[in-house]
Each structure stands twice: as structure tokens, then as C-alpha cells.
Amino acid sequence: MERTMLAWLSENQVLLTWLSIVSFITFIGSLLALPWLVAMIPEDYFLYKNRETTTLKQRHPVIRGLLLVGKNLLGLILLCGGFLMLFMPGQGILTMAVGLLLLDYPGKYTLEKRIVSTPSILKGLNWLRAKRHLPALKVDKP
């Protein structure tokens with residue numbers, strides 16, 4: 001078993017190198033994008049019972065459809081890549097979280113509200129917002 005795994009690793013060095021490069025780029029990209037994405041959240045976003053309509057719904061139906069397919073495809077790729085990174089070098093959990101945020105699925109807004117209501121996560125998000133001189137996110141108390 002050990003011998004076959006070592007053989008597989010030596011035969012697929014190029015693949016492992018590329019996966020490591022993609023993993024590194026994803027990690028750096030997520031570190032750079034996170035403060036910007038947190039700054040884009042309206043301070044009262046988590047106070048609503050249902051998610052408010054986005055500007056995406058105001059676009060032409062074909063453009064909206066293409067953007068939704070692209071966003072969900074990217075989310076699926078990141079989710080699968082993050083799962084693989086759990087067993088290989090990379091930021092698997094962070095990549096999976098970004099993938100889940102991009103995907104559209106039932107109950108997503110409720111899940112987002114529950115996660116953000118966690119005191120340590122809310123504190124971290126508000127710390128990032130404070131660095132940009134933005135007001136703290138407001139959440140309903142459970």
C-alpha cells in the first residue's frame with residue numbers, strides 16, 4: 001500500500017505542483033478579498049427576516065442567468081477543491097466556506113445569520129469593518 005502511494009506521488013508530481021500553486025493562489029486571494037467582501041455587507045443586512053432583493057435581479061434575464069450559473073459553478077469548484085485540500089496542502093475549510101457563500105441553496109440566508117450571530121465571528125467581522133471605518137454589523141439577538 002505504501003509503495004503504491006509513493007509510486008503514485010512520484011508519477012503525479014506535476015499535478016501536485018499545480019494543485020499546490022492553485023491552493024496558494026486561492027489562499028492569498030481569499031486573504032485579500034475577505035476585508036473587501038466584509039466591507040460590502042450593509043450594516044443592517046442580518047436584521048431582515050428574508051434576504052433583500054439584489055441588483056442582480058434587475059438585470060436582463062439572460063445576463064442574470066449567466067451570472068448565476070457562473071457564480072454557482074465557481075462555488076461548486078471551490079467547494080470540491082476545498083474538500084480535496086482537506087487531504088492535500090491548502091486552506092481546505094476556508095476554500096469550502098467561500099464556495100458555500102457563492103452557491104445558492106435553500107436556507108442559505110438563515111445559515112449565514114446563525115454563523116454571523118456567533119460572538120467570536122461577529123467580533124472578527126466587526127474588527128475588519130472598523131479598520132475601514134465602517135459601522136459594526138447589526139444582528140438580532142437570539
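All residue numbers in this chain count up from 1 along the given sequence.
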Within one Ile-Leu-Val-Met-Phe-Trp-Tyr cluster: L68 and V62, side-chain cutoff 4.5 Å: no
hydrophobic_cluster_shared for L32 and M40, side chain cutoff 4.5 Å: no
Pairwise side-chain contact, K108 with L100, heavy-atom cut-off 4.5 Å (strictly under): no
Donor-acceptor under 3.5 Å (N72 side chain, D104 main chain): yes
Side chain K138, main chain F46, donor-acceptor under 3.5 Å: no
Rounded distance (nearest 0.5 Å) linking atom CD1 of I121 with atom CG of L137: 12.0 Å
Value rounded to 0.5 Å, distance of OG1 in T17 from CG in N12: 10.5 Å
Distance in Å, L101 CG paired with K71 NZ, rounded so as to fall on 0.5 Å steps: 9.5 Å
N/O donor-acceptor pair under 3.5 Å between R129 side chain and I41 backbone: yes
W8 side, atom CH2; Q13 side, atom CD - distance, nearest 0.5 Å: 11.0 Å
ILVMFWY network linking I77 to L66, side-chain heavy atoms under 4.5 angstrom: no
Distance, nearest 0.5 Å, that separates CG of L134 from CG of L125: 12.0 Å
From L78 atom CG to L74 atom CG, the distance as rounded to the nearest 0.5 Å: 4.5 Å
Non-hydrogen side-chain atoms of Y45 and V116 separated by less than 4.5 Å: no
same_hphob_cluster(L73, L103) at 4.5 Å side-chain heavy-atom cutoff: no
